[in-house]
J.: 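Okay, here's the structure, questions in a sec.
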Amino acid sequence: MQKPTLYLKNAMLLTLSGFALRGVGMLFRVWLAAWIGAEGMGLYQLSLSVYNLAVTFSTAGISVAATRLVAEELAGEKSGRAAGALGRVARTGALLGIAAGALQFFAAYPAARYLLGDARAELSLRLLAPSLPFMAVAAALRGYFLARRRVAPSVESQMAEQLLRIAMIVWLLRRVEGWGVGWACAAVMLGGTAGEIFSCLLMGVFWLRDRRSLPAGDRTAPPDIAPRLWRILLPLEGSRCLASGLAAAENALVPACLALYTGSRAQALAQYGALKGMALPVLFFPFSILGALATLLLPEITEAHIRDRSGQLQRLLARMLLLTTAFSLLGGGMFTLYARPLGQLLYGSGEVGLYLAVLGPLTPLMYLESMVDGALKGMGQQMATFRYSLQDSVLRILLILLALPRLGIGGFLGVMAFSNAFTCLLNLRRLLQVAGLRFDLLQWALRPAACLAPALGLAWLVSGRLAGGGLAVQIAVGGAAGALLYLALMWPRALQPALCGMRESRKGASPSISDTKSSKTT
């Protein structure tokens, strides 16, 4: 298969599978929220804040290191040593995962009791600990297959893992029904651990099949593999663990500060769960569509930057910014218009609808910040993005301590609005400076906003005409009518030239995959 065809096939596979995984995960999250309630979702999200720190320690840089080292060996004279390079990365990941898992297992009680402020999280943290070494080894194997330009094994393993995870969680929740929120959360975590173990084993089977196609000869690890490996791991481990630690501290502070305002730990946890566990996943669900854009453009951005092709780089970034703002403005407008109906339809909750209404206008900033962050990393600006993230985390923690005890959940929504605007503007300014690009206010903001106004008006009118047809019909038909009008207005002058320009993509580029597992929504 020719390289351009392989590239497009991999990009399509990643896009479709990512959207499918997010869709299945979103539907399951709706069911899960109905089963364990807002308080259960809050405890679930709270437990994940500690777990994510352990995941970062176990896997940060593992996939990137495997991809880079395996690719370097495959391009060398002794390409058989790619197997030895993978083995060293996988063993290193396993050791990091075992260390992180042991620490989380034995520190589960103090972490739950004193850091999270909820002893019910102890069992969940202990049940999650065994998954960490398996997750690290699977990350190494995914990096290997990316170096081989084969994304099917990663996609198949994640889909199988998601299905097993959901089946296990449904079965376990029925076994512990009526035992309380702590046991329900533990059942969800045990299902997640089973999914991670199964995914790793499946990736191992794919590796055993694929290694037969590696060149014959010496398959031992290169003699200089250790320093090369740690030159990749140490910077990523340090920066990401620091960022993850600050995020864990923030997540622990939010329910504690909300409890000071509400006077009830259960109510604070329910508000936290409704916002973080229900509303935010809905807002980020459409972002999987932009993942296709990132997959296609980010390798080209990196190539243009490395080869100092400033004109090509500016054109690629302009297309990315235009398509991102155009798509995110439409999504944000629809979320704002249908916030309360969506909250009722998905969760039967007016509270979730309120959060969607407040955060809907922030959707363009959220999406744009994520895309710009990826582009900056592709241009070698990792330290700048880390610096901005660190500043943002410190400011968020300070604002949470000041605002939440006095203003409650409204204060936290204000903190989120400030944080998204702060990081988006800093990253965007850095991107424009590095690329020598000027912000096109007309193309990237005013024209999409002008097209959005009549589109939302049409959606509102159509939904009103269907008031007797149920919430699902109103949202689907009204939203489709508004979206079609928006696309029709944007297509001739903006979207068509931008999408057609993507055909200039460099032949042979391989799609980029984050070293963290995406599309995980359970």
J.: Looking at every heavy atom in both Met41 and Gly277, which two are closest together, and how far apart are they?
T.: CE-O, 3.4 Å
J.: Could you measure the distance from the CG atom of Leu253 to the OG atom of Ser49? Nearest 0.5 Å is fine.
T.: 10.5 Å
J.: Can you find a side-chain donor-acceptor pair between Tyr44 and Ser124 that sits under 3.5 Å?
T.: no
J.: Is a side-chain donor or acceptor of Thr324 paired with a backbone partner of Met320 at a separation under 3.5 angstrom?
T.: yes
J.: Using the ring of each side chain (for Trp, its six-membered ring), is Trp207 parallel, tilted or perpendicular to Tyr144, with breaks at 30° and 60°?
T.: perpendicular
J.: Does CZ belonging to Arg113 count more than 12 external heavy atoms closer than 6.0 Å?
T.: no
J.: For Arg228, give me all partners under salt bridge (Lys or Arg N to Asp or Glu O under 4.0 Å), at least two apart in sequence or on another chain.
T.: Glu72, Glu73, Asp224
J.: Tell me whether Phe145 at atom CZ has more than 12 heavy atoms from other residues, nucleotides or ligands lying less than 6.0 Å away.
T.: yes
J.: On a heavy-atom basis, which atom in Gly101 and which in Ala129 lie closest, and how many Å separate them?
T.: O-CB, 3.3 Å
J.: As an exercise, state the distance from CG of Leu229 to OG1 of Thr92, rounded to the nearest 0.5 Å.
T.: 5.0 Å
J.: Find the distance between CH2 (Trp171) and CG (Leu190) and round it off to the nearest 0.5 Å.
T.: 9.0 Å
J.: So which atom in Ala375 and which in Leu317 form the shortest heavy-atom distance, rounded to 0.1 Å?
T.: CB-CD2, 4.1 Å
J.: Between Arg396 and Ser419, is a side-chain hydrogen bond (donor to acceptor under 3.5 Å, both in side chains) present by the stated rule, with each step listed?
T.: CA-CA 7 Å; Arg396 282 173 67 103; Ser419 171; 2.9 Å; yes
J.: Between Tyr51 and Leu132, is any pair of side-chain heavy atoms under 4.5 Å apart?
T.: yes
J.: Please report the closest heavy-atom contact between Met203 and Pro153, naming both atoms and the distance.
T.: SD-O, 3.6 Å
J.: Using the side chain to side chain contact (heavy atoms under 4.5 Å, CB included) definition, which of the options Val188, Leu173, Val30, Ile169 pairs with Trp35?
T.: Leu173
J.: Carefully, step by step, assess Val89 and Leu233 under the rule side-chain contact (heavy atoms from CB on, under 4.5 Å).
T.: CA-CA 10 Å; Val89 177; Leu233 286 184; over 6 Å; no
J.: Quick check: closest heavy atoms across Met135 and Val55, and the distance to 0.1 Å?
T.: SD-CG1, 3.4 Å
J.: A side-chain contact here means heavy atoms from C-beta on lying under 4.5 Å apart; do Pro286 and Tyr367 qualify?
T.: yes
J.: With a 4.5 Å cut-off on side-chain heavy atoms, are Leu426 and Gln391 touching?
T.: yes
J.: Show your reasoning for whether side-chain contact (heavy atoms from CB on, under 4.5 Å) applies to Trp183 and Arg120.
T.: CA-CA 8 Å; Trp183 281 98; Arg120 293 176 297 179; over 6 Å; no
J.: I need the Glu161 CD to Glu156 CD distance, nearest 0.5 Å.
T.: 14.0 Å
J.: Do the side chain of Ser393 and the main chain of Ser389 share a donor and acceptor less than 3.5 angstrom apart?
T.: yes
J.: Looking only at atom types and distance, does a side-chain atom of Arg126 sit under 3.5 Å from a main-chain N or O of Phe105, one as donor and one as acceptor?
T.: yes
J.: Could you verify whether a donor N or O on one side chain and an acceptor N or O on the other, from Arg142 and Thr59, lie under 3.5 Å apart?
T.: no
J.: To the closest 0.5 Å, what do you measure between CD1 (Ile400) and CZ (Phe412)?
T.: 5.0 Å
J.: Would a 4.5 Å heavy-atom cut-off, applied to side chains only, mark Tyr347 and Val282 as touching?
T.: yes
J.: Ignoring hydrogens and angles, tell me if any N or O in the side chain of Thr193 forms a donor-acceptor pair with the backbone of Leu127 under 3.5 Å.
T.: yes
J.: Sub-3.5 Å donor-acceptor pair from the side chain of Asp373 to the main-chain atoms of Glu369, do we have one?
T.: no
J.: Could you check if a side-chain atom of Met189 sits within less than 4.5 angstrom of a side-chain atom of Leu48, using non-hydrogen atoms only?
T.: yes
J.: Applying side-chain contact (heavy atoms from CB on, under 4.5 Å), run through Met416 and Leu275 and close with a yes or a no.
T.: CA-CA 11 Å; Met416 292 182 65; Leu275 177 58; 3.8 Å; yes
J.: Please name the residue in the list Ile397, Val394, Val415 that meets the side chain to side chain contact (heavy atoms under 4.5 Å, CB included) test with Glu250.
T.: Ile397
J.: Determine whether a donor-acceptor pair (N or O, by modelled atom type, separation under 3.5 Å) exists between the side chain of Gln104 and the backbone of Leu125.
T.: yes
J.: Contact between Val372 and Thr385 at the side-chain level, heavy atoms closer than 4.5 Å - yes or no?
T.: no
J.: Does Thr67 use its side chain to pair, donor to acceptor, with the backbone of Ser63 at less than 3.5 Å?
T.: yes
J.: Indicate yes or no for a side-chain donor-acceptor contact from Asp392 to the backbone of Tyr388 under 3.5 Å, with no hydrogens or angles considered.
T.: no
J.: Under the criterion side-chain contact (heavy atoms from CB on, under 4.5 Å), I'd like the reasoning laid out for Leu280 against Leu359: C-alpha separation, chi angles, the key distance, then a yes or no.
T.: CA-CA 8 Å; Leu280 283 180; Leu359 297 176; 3.8 Å; yes
J.: Is there a side-chain contact between Leu368 and Leu321, using heavy atoms and a 4.5 Å cut-off?
T.: yes
J.: Tell me the closest heavy-atom pair linking Ala194 and Leu164, and the distance in Å.
T.: O-CD2, 3.8 Å
J.: Are any non-hydrogen side-chain atoms of Ser157 and Gln162 less than 4.5 angstrom apart?
T.: no
J.: Drop me the distance from Phe335's CZ to Leu362's CG, to the nearest 0.5 angstrom.
T.: 12.5 Å
J.: Count the heavy atoms belonging to other residues, nucleotides or ligands that lie under 6.0 Å from CZ of Arg175, then report whether that count exceeds 12.
T.: yes
